[in-house]
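Single-structure report; data block below.
All ligand and atom numbering here is 1-based and tracks the order in the structure.
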Amino acid sequence: MEDAAVQSEGRSGGIVINDGWPGYSLDLFSYPAHYSGDLDCVFIPHGVITDRTERLARNIMDDLGDHDIVVLCVLKGGYQFCVDLVDRIKALSRNSNRTIPMRVHFIRLKSYLNDQSTEDLHILGAEDLSFLAGKNVLIVEAIVGTGKTMETLLKHVEAFRPKMIKVAGLLVKRVPHNTACLPDYVGFEIPDRFVVGYALDYNEYFRDLDHICVISENGKMKYKIEKEGLQKEANVIQQKA
Ligand code: HPA
Ligand code: MG
């Protein structure tokens, strides 16, 4: 990636992808035919994601080796990153004297409609996290935007008094109102563009795409949900109940 500069320290902010990065032409990679016309470019190829994840696993192993951890996977967007990260940590545990015994737990957050964050953040599956008391927790998230979601989630998890909380985020977006809340392990720092693939969705589409791509205007139109439509749907469900 000619526009991507690898930070020399290799730790803090991850691989920086500059604002001018045009991505790769879709013709250079394979992707599902059902998304043809719906994408602008391949922003981060799948192989680069997995290679970077392997290094993050090593950093986590260096810091947390021999500690028991509870991995808290933030669904749905985080599932692929979590699976790959846990797999790499497992491989390192198999092949060295240091190991990380892991438990995996899932919670679900929802706040996006189309490509816009909505005010109401829902945390599902997080009702009783009391088993986190005294534990080392690794929160695994696909993407961190303003950091508001992460702040809310951290507060929620902290209330259960874990011994330690670390956060791994595959992507951190450079957005105007970024709070100071940054993950401890970052895969890539990216421009403020709406990306899909590698389990990241646009209205539930594109999770079945391996590369991280930029959605096209055509794709946004095709899979758009009208807010009124959603409201109507909610009303119908309420009436039926
Ligand atoms: N893509 C998908 N989901 C998201 C994004 C994004 O760029 N930002 C926050 N949630
Ligand atoms: Mg989403």
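Where the criterion is an N or O separation shorter than 3.5 Å, residue side chain and backbone included, Val195 meets it with respect to ligand 1.
For ligand 1 and Asp201, the ligand atoms under 4.0 Å from any heavy atom of the residue are 2 (C), 3 (N).
Considering only residues two or more places apart in sequence or on other chains, Glu54 meets the side chain to side chain contact (heavy atoms under 4.5 Å, CB included) condition with Arg88.
Side chain of Ser36 to main chain of Ala33: a donor-acceptor pair is present (N/O by atom type, distance under 3.5 Å, no hydrogens or angles).
The pair Arg174-Asp19 meets the salt-bridge criterion, since a charged nitrogen lies less than 4.0 angstrom from a carboxylate oxygen.
The closest non-hydrogen atom to atom 8 (N) of ligand 1, taken over Lys173, Arg207, Arg193, comes from Lys173.
Under a hydrophobic-cluster definition in which Ile, Leu, Val, Met, Phe, Trp and Tyr are linked whenever side-chain heavy atoms come within less than 4.5 Å, directly or via other members, Leu26 and Leu28 are assigned to the same cluster.
Residue contact annotation: Ile143 has a non-hydrogen atom under 4.0 Å from ligand 1.
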Give the table of side-chain donor-acceptor pairs shorter than 3.5 Å for residues 74-82, with sequence neighbours excluded, one pair per line with atom names and distance.
unit_1, atom_1, unit_2, atom_2, d
Lys76, NZ, Glu204, OE1, 3.0

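Asp201 contributes atom OD1 as its closest N/O/S atom to the Mg ion (ligand 2).
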